[in-house]
> 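Please read through the structure below; I'll follow up with questions.
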Amino acid sequence: MPEEERSGAADSVGVAEDLSTKLEKTFAPAQFEERWYRTWEAEGRFQPVGPPGSPRFVMVIPPPNVTGRLHIGHAFGRTLEDVLARWKRMRGHRVLWVPGTDHAGIATQMVIERQLAKEGINKRDLGREKFVERVWLWKREAKDNIQSQIRRLGCSLDWTRERFTLDPDLSQAVRHAFVRLYEDGLIYRGRYVVNWCPRCGTAVSDLEVVHKDVDGSLYRIRYDVPGVASGAVVATTRPETMLGDTALAIHPDDPRTAKFRGKTAVLPIVGRELPVIEDAILVDREFGTGIVKVTPAHDANDFAVGERHGLPQVVVIGPEGKMTAEAGEYAGLDRLEAREKIVGRLRSENRLAGIDPHRHSLGHCQRCDTVIEPYLSTQWFVKVKPLAEPAIRAVESDEIRFVPEMWTKTYFEWMRNIHDWCISRQLWWGHRIPAFTCANGHLTVSEKDPSTCPKCGSSEMAQDPDVLDTWFSSQLWPFSVFGWPKETDDYREFYPTDVLVTGYDILFFWVARMIMAGIHFTGSVPFSTVHLHGLVRLAGAKMSKTRGNVIDPLVAIEEFGADALRFAYASSATAGTTVTLDSERLSGSRNFATKIWNAARFTLSQIQGKPRAETFEGRALTLPDRWILSRLSRTAADANRSLADFRFDEAAAMLYGFLWHEFCDGYLEMVKPLLSSRDGDETAAETARGVLYRCLSDSLALLHPFMPFLTEEVWEKLTRRPGTLIVSPYPMRDAALEDPRAEAAVERLRALVTRVRNFRGERKVSPTEPVSLWIDADEGADDADGLRELAPLLRHLGRLSALTFGPPPTGAQRDVVSGVPIGLALPAGAAHADRARIEKTLAQLDRELEELSGKLRNPAFLDKAPPDVVAKTRRRQAELEERRAALGSAAFE
RNA sequence: AGGCUCGUAGCUCAGGGGGAGAGCACUACCUUGACACGGUAGGGGUCAGCGGUUCAAAUCCGCUCGAGCCUACCA
């Protein structure tokens, strides 16, 4: 951003005099947050406008599920996105951030089912149509809640473009995508063993199965094998599935089991004859007895074996987890009850060779935690390999970049071992599968509902009752929101998007699938950068004990303000995998907001009604002026760099440090004497007021992406341009302001002041006790180190009773601070030094000096270390020696 | 079974081959004309352990221990 744009069209000296520029004494964010949000929205700030030719910056929101309200995890991601959006907007980009929500098939259906259950209503009695109506009612409420939460957070989303995954045009996109994949041969229907949740009554994908280690049992069961006296002992963790066994399998090369080759076993209880088959893929020669029971209808591996060997499939567990008629006397029992009974029967028949404790991994339903059953059923699948290959290449070639980079590896791992995706769900809420079967059994897949069968002309067409996996529509989100497959203006202008921000937990569910779908359907990657942030963990005990459980971001906003919540998020957003949010960080951020508020109040009170410099050209700037402006430029540079690297924590820390410790603790204290003296240097005061204005206004701009409300509020009072900070230029490095000598001089001043105060501490005297300071240098010498110019400030800040240039008298405590030899003294008779404390410092110095001289005595170091490192070490040694000598000389007078 | 990440101050976490950092908490003092949601000063760490590479390791490599996460069709 050019410098001219920042200073704006202003006179050389401006005056702020309007009384309305005063800030309220107490900082109460609730008073202005909603007002500013309304203003921005009404003025179209959230819409993509910008100077012609300006670059665009596009994001789509990861659409929250309409299952309820947002929790702190959502608010975290949205905050990061808004920081990016506001930053880019201020950097002159045409920013578009698209809002929306996800219908979240299985999750939302469960919410409604639970509600109905409470009312004593059975979903089936209600019927599909009524049920879906009810979900729509709920959806409206949930969406409104979510939207208002996001608004309260301050997110600058373009609400005129809000989308929902079940909107008519997005539903059309889903049908289009389905048909296209079908026609491309990438969607197929078939009867396979899938992950089945008996409670939800639907198939789920591999990703929706949560594996947990559980302590179970391994049951060893003896099957009779005519011709082999000992019979065959097989092991299983699920004895009830034996009723569906249709074979036993051995490894073709295992001598232990060779005797079973070609034999036929008899299934206990049922009496069915089971061929002994040989299968090198299924059977692990090393494991157990080397004989495996084969249950093609209830195990994915066994299913594959069954296909290879043409085995019958006997379904003994039904869709609700109850034993089927095939289970004979056990029919109707829950699978776990059946297990008990079957084990009892086997025991009584003396067929139980043993039960061993067995810890193994067991799949659970992601939604309801029910144990997943492998279940044979007809489902729709996406053939993923052909889609995955280009998606892998897109990341290999850096067309898409993951931040942090470590996720790239995880992405590759999964993508290279990807399995076909079961996309049909036996649910009511979602996109109906666009497949139709006529009375004669002909299947038609079509974007528009067909009225007659294209094959036989039958007009009795029934649509597949199943719906699609929610993620099938989510994967289209970055382009379906823009009207795809129609070539709309928005699609042309805003797709592909730039950055996607989301939690790493949905890397496979969503991100990977968007990449695959984006490339397949639109020919381009859907975004160029993926920022995967950590997942928010509440520092539970602390927060819940003192505040009640702060789960809803609104609760945190009420208590601390939206800006504080946002700042707490940003400063917690480290590159790791968990983000810990605790009430300490929230109150710390609230304190920071208050600090800014008070600094602004002070600044305004100083500027008000008085002339101030608008530009600094041709003006004599004091060292403190030059120091703080230099630091301002570096801070702006750092903030921009950190944001470009998605290091929100770094940027937040930089701004915090600059504003609090340099601007407030440093500069404000330095200019107070100048500004408050009646007969002071009016030109210097005018300059200082200009510097104050510049630092504060730039700080507000730098902080605006993090704390939009507070900064906009103060900006209005400061600049009297209400509501414009959001579109003001983001401060950048301004090399002309950088002044290393001024920085060094003021750092030296601050170190000296600290030493004086610390000297009082050493002697245990009050901060008001008069102290004399000698600076062992010639007063008349040139002021290269700035000490002479800064002497009055040093006297003031150090509360010195005397400041003398020249050698300190005997009896004064000597020291060296930032290379400056000094002497310090209290009035005669004042307290004595804290011996222990000084001795400790001396011991520390000795230790460090020992280390340094050790290094410098080492020829290898002198020979091999870079010259600048050696020089630096020498310099440091000299400094420390000087300090050691000074401190030691008169330490205990 | 594989893979990834992480063990740094009491807590939460930055840093990352050449002088151990921040915020909070803690101690002492300060009702100083913006701010006690504040100021000033201070205490506190063989950077998990062991070995290696290097002139130099908290930082790179290997192993061990500990924590977390992810993937997976071991009966």
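All of these numbers come straight from a predicted model, not from anything done at the bench. In the text below, chain A, chain B and the rest are named by the order of the sequence lines, each starting its count at 1.
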> To the side chain of A:Arg757, which of B:rA75, B:rU40, B:rC55 is closest?
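Comparing B:rA75, B:rU40, B:rC55 against the side chain of A:Arg757, the answer is B:rU40.
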> Measure CZ/A:Arg590 against P/B:rC24 and give the value in whole Å, please.
12 Å
> Using the 3.5 Å cut-off, write out each protein N or O paired with an N or O of nucleotides 21-23 of chain B and the distance between them.
| residue | atom | partner | partner atom | Å |
| --- | --- | --- | --- | --- |
| B:rG23 | OP1 | A:His661 | NE2 | 3.2 |

> Between B:rA36 and B:rU31, how far apart are the two C1' atoms, rounded to whole Å?
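It comes out at 9 Å once rounded to the nearest Å.
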> Quiz question: by atom type and distance under 3.5 Å, do the side chains of A:His251 and A:Asp279 form a donor-acceptor pair?
no
> Quick one: which of B:rC29, B:rU71, B:rA41 gets closest to the side chain of A:Trp414?
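Output: B:rU71.
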> How are the rings of A:Phe646 and A:Phe648 set relative to one another: parallel (under 30°), tilted (30 to 60°) or perpendicular (over 60°)?
perpendicular
> Just compare B:rG42, B:rC55, B:rA75 and give me whichever is closest to any side-chain atom of A:Asn758.
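Looking only at heavy atoms from C-beta outward on A:Asn758, the closest nucleotide is B:rG42.
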> Please identify each residue that fulfils ring pair (Phe, Tyr, Trp, His ring centres under 6.0 Å) with A:His419, with sequence neighbours left out.
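For A:His419, no residue satisfies ring pair (Phe, Tyr, Trp, His ring centres under 6.0 Å) once neighbours in sequence are set aside.
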> From C-beta outward on A:Asp284, which listed nucleotide comes closest to its side chain: B:rC74, B:rC55, B:rC73?
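Looking only at side-chain atoms, A:Asp284 lies closest to B:rC74.
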> Go through the N and O atoms of the side chain of A:Lys764 and the base of B:rA41, and report whether any donor-acceptor pair is under 3.5 Å.
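Flag unset: no donor-acceptor pair detected.
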> Report the nucleotide, chosen from B:rC55, B:rU40, B:rA34, that has the shortest atom-to-atom distance to any side-chain atom of A:Asp665.
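Output: B:rU40.
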> Indicate whether OP1 or OP2 belonging to B:rG15 is found under 4.0 Å from a side-chain N or O atom of A:Arg647.
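For B:rG15, OP1/OP2 do have a side-chain N/O of A:Arg647 under 4.0 Å.
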> Roughly how far, to the nearest 0.5 Å, is CG of A:Leu282 from NE2 of A:His309?
8.0 Å
> Show me the pairs that pass salt bridge (Lys or Arg N to Asp or Glu O under 4.0 Å) and involve residues 654-675 of chain A, at least two apart or across chains.
A:Arg631-A:Glu662, A:Glu669-A:Lys672
> For B:rA34 versus B:rA25, give the span between their C1' atoms, rounded off to a whole number of Å.
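It comes out at 26 Å once rounded to the nearest Å.
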> Going by modelled atom types, is there a donor-acceptor pair between the base of B:rA72 and the side chain of A:Glu413 at under 3.5 Å?
no
> Can you pull the side chain to side chain donor-acceptor pair (under 3.5 Å) pairs that have at least one residue in residues 232-248 of chain A, sequence neighbours excluded?
A:Tyr223-A:Asp245, A:Arg238-A:Glu373, A:Glu240-A:Arg339, A:Thr241-A:Lys293, A:Asp245-A:Lys293, A:Asp245-A:Thr295
> Tell me the stems RNA chain B sits in, counting at least three consecutive Watson-Crick or G-U wobble pairs, each under 3.5 Å on both distances.
B:1-7 with B:65-71, B:10-13 with B:21-24, B:26-30 with B:38-42, B:48-52 with B:60-64
> From the set B:rC55, B:rC13, B:rA75, return the single nucleotide nearest to any side-chain atom of A:His360.
B:rA75
> A:Phe508 side chain: which of B:rG38, B:rU71, B:rA34 is closest?
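Out of B:rG38, B:rU71, B:rA34, the nucleotide with an atom closest to A:Phe508's side chain is B:rU71.
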> Check the interface with nucleotides 4-10 of chain B: list each N/O to N/O pair with the protein under 3.5 Å, or write none.
| residue | atom | partner | partner atom | Å |
| --- | --- | --- | --- | --- |
| B:rC4 | OP1 | A:Lys409 | NZ | 3.2 |

